[in-house]
Amino acid sequence: MSTETEERYVDLKKICEKCEPKLFDTLSWILLINLDLIPIEDLKEHKNLLFSYHLMNQDYKEAKYLAEELASTSLHISKYYKDLLVHDPDLSKTKEISEMFFHLSKRRIEIAEKLGIHQD
């Protein structure tokens with residue numbers, strides 16, 4: 001993926017095909033690309049959002065803890081976390097995919113901080 005293309009959009013399917021194709025169906029239900037547009041208070045209140053937030057910020061220990069916690073619930077989304085832990089129990093491939101996937105969001109956050117733009 002070229003840098004120019006990377007700046008315009010993120011294609012989770014292409015990233016997964018490079019790293020681990022089995023994770024696409026699962027991660028397409030779990031990962032959220034526009035985390036920089038969600039107020040931090042909302043992220044902290046919703047564990048599914050918080051899982052993506054921790055991955056984006058490379059806090060993999062906390063992300064794994066949340067994945068295990070969400071997999072053990074009766075929530076509809078728990079089946080995706082169960083599947084994730086079956087295909088990638090140590091989240092090594094998920095780390096690799098999330099690093100590329102969240103690159104654009106992290107870049108937008110850095111630019112917003114540099115320009116002094118704050119969420120209200």
So which pairs with a foot in residues 16-40 pass ring-ring contact (aromatic ring centres under 6.0 Å, His included), sequence neighbours left out? W29-Y80
Counterpart residues, side-chain hydrogen bond (donor to acceptor under 3.5 Å, both in side chains), relative to T94 (two or more places apart): D88
For the CD1 atom of I30 and the CG atom of D83, what is their distance to the nearest 0.5 Å? 8.0 Å
List for me each residue that meets ring pair (Phe, Tyr, Trp, His ring centres under 6.0 Å) alongside F51, sequence neighbours excluded, and say none if there are none. Y81
If you group Ile, Leu, Val, Met, Phe, Trp and Tyr by side-chain heavy-atom gaps below 4.5 Å, do L84 and L75 land in one group? yes
Which residues satisfy the side chain to side chain contact (heavy atoms under 4.5 Å, CB included) test with D42, sequence neighbours excluded? I38, P39
Could you tell me whether the side chain of T73 and the main chain of S78 form a donor-acceptor pair under 3.5 Å? no
Quick one: pull up NZ in K13 and CG in L27 and give me the separation to the nearest 0.5 Å. 12.0 Å
Residues passing the side chain to side chain contact (heavy atoms under 4.5 Å, CB included) test with S52, sequence neighbours excluded, are L31, L32, L35, F102
Looking only at heavy atoms, which two atoms of L50 and L43 are closest? And how far apart? CB-O, 3.5 Å
Just grab all the ring-ring contact (aromatic ring centres under 6.0 Å, His included) pairs involving residues 82-101, residues at least two apart or on different chains. none
Taking E68 first and then K64, would you say they form a salt bridge - that is, a charged N and a carboxylate O separated by under 4.0 Å? yes
Going by the rule side-chain hydrogen bond (donor to acceptor under 3.5 Å, both in side chains), which residues pair with K47 if we only count those two or more places apart in sequence or in a different chain? E69
Interatomic distance, I15 atom CD1 to E20 atom CD [nearest 0.5 angstrom]: 14.0 Å
Checking D59 now: which residues fulfil side chain to side chain contact (heavy atoms under 4.5 Å, CB included) with it, not counting sequence neighbours? H54, K61, E62
Quick one: closest heavy-atom pair of C16 and L23, and the distance? SG-C, 4.3 Å
Could you pull out all residues at least two apart from H46 that satisfy side-chain hydrogen bond (donor to acceptor under 3.5 Å, both in side chains)? none
Does the side chain of K14 reach to within under 4.5 Å of the side chain of K18, using non-hydrogen atoms? no
Listed partners of K93 passing side-chain hydrogen bond (donor to acceptor under 3.5 Å, both in side chains), at least two apart: none
So OG of S98 and CD of Q58: to nearest 0.5 Å the spacing works out to 7.5 Å
Could you measure the distance from the NZ atom of K82 to the OG1 atom of T26? Nearest 0.5 Å is fine. 12.5 Å
